[in-house]
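One structure is given below, encoded as structure tokens.
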Amino acid sequence: MGSNVENEGSDSFNWDTEDEQEFMLPSRASPRCFGNGVVGCSDEASSSTGASTKLISHFVGMGFSRDMVCKAIDDNGEGKTDAILETLLTYSALEKSPSEREDVAYEGEQLASDFSSSESAGDFLDDFSDEDYLGGEDTDENLSEMEKTSKQLVCMGYPAAEAAIAVERCGPDASIIELTDFLSAAQMAKAADALLEELPRFGSSGEQRQNYFNGDPRKKKRFYADDNWERKRHKQRERRRDPDEEIDSTIIPNPMIGFGIPGEPCRRHQRTLPNEAIGPPYFYYENVALAPKGVWSTISSYLYEIKPEFVDSKYFSAAARKRGYIHNLPISNRYPLLPIPPQTIHEALPMTKNWWPSWDSRTKLNCLQTCLASARLTDRLRKAVEDYNNEPPLTIQKYVMEQCRKWNLVWVGRNKLAPLEPDEIESLLGFPKNHTRGGGISRTDRLKGLGNSFQVDTVAYHLSVLKEMFPSGMTVLSLFSGIGGAEVALHRLGIHLKTVVSVEISETSRNILRSWWESTNQRGNLIDIDDVQKLDADKLEQLINSFGGFDLIVGGSPCNNLSGSNRISRDGLEGKHSSLFFEYFRILNQVKVIMAK
DNA sequence: TGCACTATGAGCTGAGCG
DNA sequence: CGCTCAGCTCATAGTGCA
């Protein structure tokens, strides 16, 4: 829901990228699977710092093994929950999934458990000497196939540590060409790291990055060349992977009505949430339903294995919007916002009815996106149909309909198709009129903000159960707020917003939300934060101490790398933007830890 | 420099069919 | 079960202009 986030720091490339991916792809190495190791410490003996059972239980509940948790607490001290979580995630990133571990030539677990929390995984790799990997005294007969291959690479002039990693990463069947390809890429990535160290930390907008590239197009080329390579390699790896691993247990229902829609509740009214998922606080997470395979399983594995509720907003409005929602809200006694919005294109846009040809059978619009059709396209379509008296041949009809569906075009005159106006999109999404208009906001920014937003009626239906539970109002943490879909939904439900802490990278979107907040005469506090990474444990603790905790954590993390519309970088959850899901996960857990104190 | 405009498919799902 | 086909998708990057 939030706008595109451009916050590339020096972590954009990493020789150790694969470790990151293992952290980010729990379908292969879920954090909930880390507890398969030895439980090595009791609560009493767990920590020299005397870590509380509650704290240990919390992290164990998140899926980390007890000994890992104890060590992390020892390393960081009991008070620093964010540092503990960071350490645990680092341990986890280093730990291999069982299927991979079988083939690993060296003792990955031992390395992980001995690993100091303050180091990045990349530094960690750099710290290992060649001797750590190749014993030196082994004869060839005693060496495994992988070790032999490593030695071969060393003979070719590659550092032994890197060779060992390459062999382990590419697998036992990898050819020498693949391995050298991997090593070259790693070296390129290292060079890119050095390049990126020159950068100031890229901030919220793309401007800083743009400034950096300006004046030296070679920098840009190098920057993206490595990025493209990594993408390509990732795709190749995906193809090579065992198809069994690709099975995604997430099934998108048809019809996509989740636990029910107004007037047509689903048969299933009950669900059981795991204990650790039960609030406070309530949480509500959203993203595109049609994400690449495995993404929803991964997201679900981080959010207490709660199955997503997939809902298409075409059951709430005149436009489709297929989204998945993971939340711990009750699902009975939901009710819709009133008035019920127009359900068909003609009801929503009455003027189009006059010009709508009989052969255009659409009654609902497709997903409202961030881009609109070009004037050239609508001109081509006008020319294609105007020679026929309202009844073009089937081939023309088919072409025109294809473009209409693709671009959500509507008939606004005789033979005249047009994309939707921002005002119309606002209305279709359930926002108040002029919500995104004026105040120095460009048309492009309006469309971007709207295209990335919630459908208010849909979200409000899910959130409606909170009305009775919080009669005096709610304290809300809104992550990736965008233009404030969640806030508008709660407000339209009549839920008083006592305090809203909103995190949104786009200044334009923050202005829109602030403007709405003031124009609706909100009596509560709106605190806005620009960068989600600024919301660390200290900040959260300070906020929670001030307001007595959050009742709801709501947000949809960036979908840029998940959306099917993205032809350039549909990289999945490890994509530059969509990986911010892990910030949602981090913040949710930190809030739970702090509130549990 | 910001904005508007434009061209750019892949990847996935499900229906239909043999 | 496998194949074909149709349909859909919170986007990105380059260019030109004021």
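Nothing here was measured: the structure is a model prediction, and the numbers come from that model. The analysis underlying the following values was restricted to heavy atoms, covering all of them including side chains, and did not include hydrogens, waters or symmetry mates.
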Plane angle bin for Phe454(A) and Tyr284(A) - parallel if under 30°, tilted between 30 and 60°, otherwise perpendicular: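 Perpendicular, since the angle between the ring planes exceeds 60°.
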Looking at [X], I'd like to know whether one of its side-chain N or O atoms comes within less than 4.0 Å of OP1 or OP2 on [N].
{"X": "Arg405(A)", "N": "dC8(C)", "answer": "yes"}
{"X": "Ser563(A)", "N": "dA11(C)", "answer": "yes"}
{"X": "Thr444(A)", "N": "dA4(B)", "answer": "yes"}
{"X": "Lys406(A)", "N": "dG9(B)", "answer": "no"}
{"X": "Asn366(A)", "N": "dG7(C)", "answer": "no"}
{"X": "Gln369(A)", "N": "dT9(C)", "answer": "no"}
{"X": "Lys448(A)", "N": "dC10(C)", "answer": "no"}

Which one, [options], comes nearest to the side chain of [X]?
{"X": "Ala320(A)", "options": "dT9(C), dA13(C), dT13(B)", "value": "dT9(C)"}
{"X": "Ser569(A)", "options": "dT12(C), dT9(C), dT6(B)", "value": "dT12(C)"}
{"X": "Asn560(A)", "options": "dC10(C), dT12(C), dG11(B)", "value": "dT12(C)"}
{"X": "Arg380(A)", "options": "dA7(B), dT12(C), dT9(C)", "value": "dA7(B)"}

Answer with base, sugar-phosphate or nothing: what part of the nucleic acid does Asn254(A) contact at a heavy-atom distance below 4.0 Å?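 Here Asn254(A) touches the backbone only, sparing every base.
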Heavy atoms only, 4.0 Å cut-off, all strands: where does Cys367(A) land among base, sugar-phosphate and nothing?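 Cys367(A): backbone/sugar contact only, no base atoms under 4.0 Å.
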Give the stems involving DNA chain C, where a stem is 3 or more consecutive Watson-Crick or G-U wobble pairs (i with j, i+1 with j-1, and so on) under 3.5 Å.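 Only these stems qualify: B:1-8 with C:11-18, B:10-18 with C:1-9.
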When the P atoms of dT6(B) and dC10(C) are compared, how many Å lie between them, rounded to an integer?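 After rounding to an integer number of Å, I get 23 Å for this pair.
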Please report, rounded to the nearest Å, how far the [atom2] atom of [N] is from the [atom1] atom of [X].
{"X": "Trp407(A)", "N": "dC10(C)", "atom1": "CH2", "atom2": "P", "result": "14 Å"}
{"X": "Ile568(A)", "N": "dA7(B)", "atom1": "CD1", "atom2": "P", "result": "15 Å"}
{"X": "Asp379(A)", "N": "dC5(B)", "atom1": "CG", "atom2": "C1'", "result": "14 Å"}
{"X": "Leu365(A)", "N": "dC8(C)", "atom1": "CG", "atom2": "C1'", "result": "14 Å"}
{"X": "Leu290(A)", "N": "dG7(C)", "atom1": "CG", "atom2": "P", "result": "16 Å"}
{"X": "Arg570(A)", "N": "dC8(C)", "atom1": "CZ", "atom2": "P", "result": "16 Å"}
{"X": "Lys322(A)", "N": "dC10(C)", "atom1": "NZ", "atom2": "P", "result": "8 Å"}
{"X": "Glu402(A)", "N": "dT9(C)", "atom1": "CD", "atom2": "C1'", "result": "14 Å"}

Tyr584(A): which of Tyr285(A), Phe480(A), Tyr302(A) passes ring-ring contact (aromatic ring centres under 6.0 Å, His included):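 Result for ring-ring contact (aromatic ring centres under 6.0 Å, His included) with Tyr584(A): Tyr285(A).
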Any Val500(A) side-chain heavy atom under 4.5 Å of Trp517(A) side chain: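 Yes. Closest side-chain heavy atoms under 4.5 Å.
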Full working for side chain to side chain contact (heavy atoms under 4.5 Å, CB included) between Arg586(A) and Phe582(A): CA-CA 6 Å; Arg586(A) 172 184 67 82; Phe582(A) 296 100; over 6 Å; no
Less than 4.0 angstrom from a charged side-chain N to a carboxylate O is my criterion; do Glu309(A) and Arg334(A) meet it?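 Salt bridge present between Glu309(A) and Arg334(A).
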Thinking salt bridges, do Glu286(A) and Arg323(A) make one under a 4.0 Å N-O criterion?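 Result for this pair is yes, salt bridge flagged.
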Both Ser565(A) and Ser442(A) contact DNA chain B. Which one's nearest nucleotide lies toward the 5' end?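 Result: Ser442(A).
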Distance-only donor-acceptor test, Arg443(A) side-chain atoms vs dC3(B) base atoms, 3.5 Å: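 Side chain to base: no pair below 3.5 Å.
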Is it the case that more than 12 heavy atoms not belonging to Glu507(A) sit under 6.0 Å from its CD atom?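 No, the 6.0 Å shell around CD holds no more than 12 heavy atoms from other groups.
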Mind jotting down which residue pairs meet the salt bridge (charged side-chain N to carboxylate O under 4.0 Å, His left out) criterion with at least one end in residues 410-422 of chain A? Sequence neighbours excluded, please.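 Passing the test, one end in residues 410-422 of chain A: Glu421(A)-Arg443(A).
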Going by salt bridge (charged side-chain N to carboxylate O under 4.0 Å, His left out), name the pairs with one or both residues in residues 425-435 of chain A, residues two or more places apart or in two chains.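 Matches after skipping sequence neighbours: Glu426(A)-Arg446(A).
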